Asks: 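Pasting a structure below so you can have a look.
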Amino acid sequence: MTDPLAVWVGAIVTLGVFSYLARDNPFYRLIQQAAMGVVVGIQIVVTWKQVLQPMWLSPIQGALAGTRDWTGALWLLALVPGSLWYFQLSKKWFWVSTLVSGLFVGVAAGLAFKFRILLILPQIGASLKPLNPFAGPNGFTWEGFLDSSNNLLFLAALLTTLLYFFFSVKTENRWVRTPMRWGRLMIMVALGAMFGNTVMTRMSYLIERMQFLYEMWLRPLFPG
Amino acid sequence: MRRWLARLHTLNPRWLYLATAILLIIPLVILIPMPRGSASRATRGLYDAVEAVPADGIVMIDSSWDQGSRSENAAQLECVVRHLCQRRIRFVVTSLGTVFSPEFAQKTIEPIAAQAGYVYGRDWVNAGYVQSASGLAPVISALALDFHTIRQADVRGTPIGDLPLMKEVRTIRDVRLVYVVTYAPSPEWISFITGQFGTPVAFGCMSMMAPNYYTYIDSKQLCGMLIGNRGAAEYEALIRHPALGTRLSMAASFGNAAIILAAIVGNLGMWAARRAGRRGA
């Protein structure tokens, strides 16, 4: 059961945000600033309560009090690299912070290599699709023909889009210019799909708020 | 008629906002039965992946959304959890997104799990917020190798090791499927879970992010994906339990129809205004 006060606050804030559609106003700006403040405040509290306190402070306290394994006290060592970051505030001692920032960059670069290789390599393999409609186990079928046509379209889109971003050849040649135009068309189709989905997402935001206003706020006010 | 159309050009857009809002409320007030399309390959892929999980298998859900993307992610989480409950499959929930995510996940899952007779700790666990400010890659990697070092207590503060379900979940190899539902799921899940360990990963994302992930469906790096409320509605049709996704996608259909209509009328207005201008000249 939702608290009626929370519903009323939610409704007033929602209407306040919608009031921007009429014109920019102080109420809207107040809500905007308050939302930012609330998010930052809660972020600090939750990070402390769910991360730092149980995973860092409690093991140290437990180790020092003898109620937990002594290895918990090793978490005190995390203060050393953590405090190094603050040397960025000093011009003279800035170099000290590079010890820890270098470590972070190294870890991030290593993981980025692994991430990209594991993500991109299967994409190259998946780009090689069968084009022969007769190659299926049952010979020529209508489904096989449609799949092959789809794969052919995919291949054309892939190659022409890559060609569009290939800047090492002169584009006056008709044999290059035509596929490049086709590639541009493919990019526009992809961007159109993205735009259409963006509109759908924005619509979903509005629908969710409308649903909240109607079902949680207005309907209980006028039962029956 | 042409003069009337030309006047549309000077119409205050606020009237359009109001008309859209009214139009969107109608399907929420009156339930209008609408024809359902067939499930897309992406939706069907996730459904099949859940069906392929054995009865004693465990599914991991990363529910990393909050109010910002509730409009689509809530229905996407609801329908998959309902399917898991129908099949009596146990699941663990994490939140690598925002600090608010565990609470939103709890509120969405709790009523469905309770209705299905799921016992917290034995059948499902909300492991809570996982700090990932330094980047998702190290967190997902660590999560895959040893879950218990990343989360030592669940969302209620109970030590992870004390929960019966978590005694069976140590590494990603103990999990049969990972379902990530958030505004824009990170491809790191694909690299560090499917790529490295071979555990299937599925996404639930906002409609506008979907074009970024289609390519991973095609390459089978993602086993399935729910795209916005449409994906949730398709999934609800597959599990034969129309709910939030179906209702919201009905309203979205009205909204889309309104946009198409407004685009046609707007273009007619522009055409009429141009003609009137030419005649005036």
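If you're wondering where the values come from, they're calculated on a predicted model, not measured in any experiment.
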Asks: Over all heavy atoms of both residues, which pair between A:Y205 and B:S71 is shortest? Give the atoms and the distance, please.
Replies: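 Shortest heavy-atom contact: CD2-OG, 3.4 Å.
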Asks: Please look at B:T20 and chain A and tell me whether the side chain, the backbone, both or neither of the residue comes under 4.5 angstrom of a heavy atom of that chain.
Replies: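 The side chain, not the backbone.
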Asks: So which part of A:P122 gets closer than 4.5 Å to some heavy atom of chain B, the side chain, the backbone, both or neither?
Replies: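 It is both, since atoms from each part get that close.
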Asks: Heavy-atom cut-off 4.5 Å, strictly under: side chain, backbone, both or neither for A:K129 against chain B?
Replies: side chain
Asks: Taking side chain as everything from C-beta outward and backbone as N, CA, C, O, which of these in B:A153 sits under 4.5 Å from a heavy atom of chain A? Side chain, backbone, both or neither.
Replies: neither
Asks: Please find the pair of heavy atoms, one from A:Q211 and one from B:L244, that lie closest to each other, and give the distance.
Replies: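 Taking every non-hydrogen atom into account, NE2-CD1, 3.4 Å.
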Asks: State, to 0.1 Å, how close B:Q152 and A:P54 come at their nearest heavy-atom pair, and which atoms those are.
Replies: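 Residues B:Q152 and A:P54, closest heavy atoms: OE1-O, 3.8 Å.
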Asks: Where on A:Y214 is there a heavy atom nearer than 4.5 Å to chain B: the side chain, the backbone, both, or neither?
Replies: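 Contact with chain B: side chain only.
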Asks: Let's go through A:K114 and B:Q196 carefully: what are the C-alpha distance in whole Å and the side-chain angles of both, what is the deciding distance for side-chain contact (heavy atoms from CB on, under 4.5 Å) to 0.1 Å, and is it a yes or a no?
Replies: CA-CA 9 Å; A:K114 187 178 167 186; B:Q196 192 173 350; 3.0 Å; yes
Asks: Are any non-hydrogen side-chain atoms of A:L118 and B:Q221 less than 4.5 angstrom apart?
Replies: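 A:L118 does not reach B:Q221 side chain to side chain.
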Asks: Shortest non-hydrogen contact from A:Q43 to B:Y129?
Replies: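 Closest pair (atom of A:Q43, atom of B:Y129, distance): NE2-OH, 4.0 Å.
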Asks: Just give me the residue among B:N256, B:I190, B:V29, B:N212 that pairs up with chain A most often, heavy atom to heavy atom, under 4.5 Å.
Replies: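 Ranked by heavy-atom pairs under 4.5 Å with chain A, first place is B:V29.
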Asks: Sort B:T194 into side chain, backbone, both or neither according to what part of it lies under 4.5 angstrom from a heavy atom of chain A.
Replies: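 Neither part.
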Asks: Got a second to check how far B:N229's CG is from A:M203's CE, nearest 0.5 Å?
Replies: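 So the gap between those two atoms works out to 12.0 Å.
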Asks: Indicate yes or no for a side-chain donor-acceptor contact from B:S207 to the backbone of A:N197 under 3.5 Å, with no hydrogens or angles considered.
Replies: no
Asks: With a 4.5 Å cut-off on side-chain heavy atoms, are B:F100 and A:V39 touching?
Replies: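 Of all side-chain heavy-atom pairs linking B:F100 with A:V39, at least one is under 4.5 Å.
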Asks: Please round to the nearest 0.5 Å and tell me the distance separating atom OG of B:S219 and atom CG of A:L121.
Replies: 11.5 Å
Asks: Got a second to check how far B:L18's CG is from A:F18's CZ, nearest 0.5 Å?
Replies: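 Spacing of CG (B:L18) from CZ (A:F18) equals 11.5 Å.
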Asks: Tell me which of these, B:M208, B:R247, B:E188, B:R70, has more heavy-atom pairs under 4.5 Å with chain A than the rest.
Replies: B:M208
Asks: Of the non-hydrogen atoms in B:F192 and A:L111, which two are nearest, and what is the gap between them?
Replies: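 That would be CZ-O, 3.7 Å.
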Asks: For the pair A:S204 and B:L248, evaluate side-chain contact (heavy atoms from CB on, under 4.5 Å) and give the outcome as yes or no after the intermediate values.
Replies: CA-CA 8 Å; A:S204 298; B:L248 294 178; over 6 Å; no
Asks: For the candidates B:Q67, B:K107, B:R230, which exhibits the highest count of non-hydrogen atom pairs separated by less than 4.5 Å from chain A?
Replies: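 Sorted descending by pairs with chain A, the first entry is B:Q67.
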Asks: Indicate the atoms forming the closest heavy-atom contact of B:R14 with A:L21, along with that distance.
Replies: NE-O, 3.0 Å
